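Bear in mind the structure is a predicted one, so any value in this text is a computation, not a measurement.
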Amino acid sequence: VTMGGCCSPIYETYDTSSPIEQCESDGEIYGSSRMRLLSYNVFMRPPFVEEYEGDFKSTRLRLLPQYIADYDVVCLQEMFHSFSNRSTLIKKRTRKLGFKYFLRAPIIRNCTPRLVDSGLLILSKHPIIEYDFLLYSTSNSYDSLAAKGAIYARVLSNNDSVIHIFNTHLQATYMNSYYDDVEARNEQVYEFLTFVEEQTCNDLHPIFLMGDLNFNPSDPMYTELVDNLNAFDNVKSVLDVTDQSTFRGSIFNSDCYQKLDYMFLIEKENSEVAIDINADVIHYLVDEQPFAAISDHSAIYSDVYIVDKE
């Protein structure tokens, strides 16, 4: 279901007149041809889902803005706003950092059994000129309580270059429902691919896909995903920007042991721009706290240089 479907309105913001909220900022967006992108599963589960000491959500939320301040576009997963004011707080705390544009997935009403939103959020220092949301048609087990989906933003940089940003969080795998979970996640991948192709088929601008995909590179679906992206019209290359592990399993662990989070760059043939990219994983470990890291995931960042072809 996309915008205008049975679960519309798809978008909700604090300014009900517009699904993208522009906030005042004293700073300027820096780097006319440079954009720093970040994708981060921040492990801010809904209030009724928690373990020891409430997962220390309030403390971790207070610390989060200082770690994302230097980026131009930040895609967050598990920043749930159902039954919580956390996305409100993160908006207020990041607007002073220059994040003038705020886009979040909706709370889906009257679509049982989806009790909470998808937890997807995009913060941007650059204008978002188009946007959409995809609600996945299937999910399983505990994930069926969330409106799993993907959000899309068409972002304009200072030198008028355009990039496509997609943020998603796919079905997790649970021991008591493993095969049904895998089947649901695979179906979500195909829906996501269709959504990406529909949004980007009519231009040659760079595409960034990011989020928590909940499978390892050894999973057959990884190969299926990359093969399908390469099959899009006019695709020149598909780059998985890092091969490092991103999941530590607990905020009390410092070492990551699985790669579940991704950022893909898709470049088109005959594009008017060239992309130079440096990427890495940032673990966001902390000192003098009762937990070892800001999240049970690490973040992926890319330093992107967009150069007009002569």
Side-chain angles (χ1 to χ4, degrees), residues 37-45 73-80 105 117-122 133-144 146-153 164-174 177-197 199-200 207-232 238-249 256-266 279-283 295-302:
L37 311 179
L38 187 79
S39 179
Y40 197 16
N41 181 328
V42 291
F43 191 55
M44 297 289 174
R45 298 182 293 180
V73 180
V74 175
C75 292
L76 302 180
Q77 304 91 44
E78 291 195 17
M79 181 56 79
F80 292 97
D117 62 283
S118 67
L120 300 173
L121 176 66
I122 296 178
F133 174 74
L134 168 69
L135 175 66
Y136 292 137
S137 64
T138 184
S139 55
N140 193 59
S141 188
Y142 305 109
D143 282 20
S144 63
K148 306 291 285 188
I151 51 175
Y152 160 66
H164 300 284
I165 301 286
F166 292 86
N167 182 17
T168 192
H169 187 182
L170 299 181
Q171 170 77 41
T173 306
Y174 303 98
S177 56
Y178 178 86
Y179 293 105
D180 289 338
D181 295 339
V182 170
E183 183 178 355
R185 183 168 59 245
N186 290 352
E187 181 62 32
Q188 290 172 2
V189 169
Y190 292 122
E191 292 181 7
F192 183 52
L193 286 165
T194 300
F195 182 57
V196 173
E197 188 168 27
Q199 299 291 344
T200 63
I207 305 165
F208 287 89
L209 313 183
M210 57 190 81
D212 180 352
L213 303 189
N214 269 316
F215 54 69
N216 285 296
S218 60
D219 191 299
M221 186 46 65
Y222 176 89
T223 303
E224 186 81 4
L225 172 65
V226 174
D227 287 348
N228 275 273
L229 291 173
N230 274 301
F232 283 4
V238 177
L239 174 67
D240 183 353
V241 302
T242 179
D243 59 1
Q244 297 185 55
S245 296
T246 60
F247 181 63
R248 61 178 49 84
C256 294
Y257 60 89
Q258 286 191 78
K259 179 181 178 181
L260 300 181
D261 306 270
Y262 295 85
M263 186 182 294
F264 290 97
L265 165 63
I266 298 96
D280 206 348
V281 167
I282 308 178
H283 300 295
S295 174
D296 60 345
H297 289 248
S298 290
I300 299 177
Y301 90 91
S302 287

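- Residues that satisfy the side-chain contact (heavy atoms from CB on, under 4.5 Å) test with V182, not counting sequence neighbours, are Y178, R185, N186.
- Using modelled atom types, one finds no donor on one side chain facing an acceptor on the other under 3.5 Å when comparing D180 with N140.
- For Y142, the side-chain contact (heavy atoms from CB on, under 4.5 Å) partners at least two apart in sequence or on another chain are Y174, N176.
- With sequence neighbours left out, the side-chain contact (heavy atoms from CB on, under 4.5 Å) criterion links E187 to T138, E191.
- A 4.5 Å side-chain heavy-atom check between F264 and F208 finds every atom pair outside the cut-off.
- Defined by atom type and a distance below 3.5 Å, a donor-acceptor pair is present between the side-chain atoms of T168 and Y136.
- Every residue was checked against the side chain to side chain donor-acceptor pair (under 3.5 Å) condition with S139, not counting sequence neighbours, and none meets it.
- Using a 4.5 Å cut-off on side-chain heavy atoms (C-beta onward), N41 and H169 make contact.
- Side-chain atoms of N167 do not come within 3.5 Å of backbone N or O of G211 as any donor-acceptor pair.
- With hydrogens and angles left out, the side-chain atoms of Y40 and H297 include no donor and acceptor closer than 3.5 Å.
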Would K148 and D143 satisfy salt bridge (charged side-chain N to carboxylate O under 4.0 Å, His left out), going step by step from the backbone distance to the final call? CA-CA 7 Å; K148 306 291 285 188; D143 282 20; 3.7 Å; yes
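- A distance of 7.0 Å separates CG in L225 from CG in L209, rounded to the nearest 0.5 Å.
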From CA spacing to verdict: ring-ring contact (aromatic ring centres under 6.0 Å, His included), Y190, F192: CA-CA 5 Å; Y190 292 122; F192 183 52; over 10 Å; no
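- Partners of Q258 under the side-chain contact (heavy atoms from CB on, under 4.5 Å) rule, at least two apart in sequence or in another chain, are N216, F247, L260.
- Pairs of residues two or more places apart, or lying in two chains, that qualify as salt bridge (charged side-chain N to carboxylate O under 4.0 Å, His left out) and include a residue from residues 256-266 are D240-K259.
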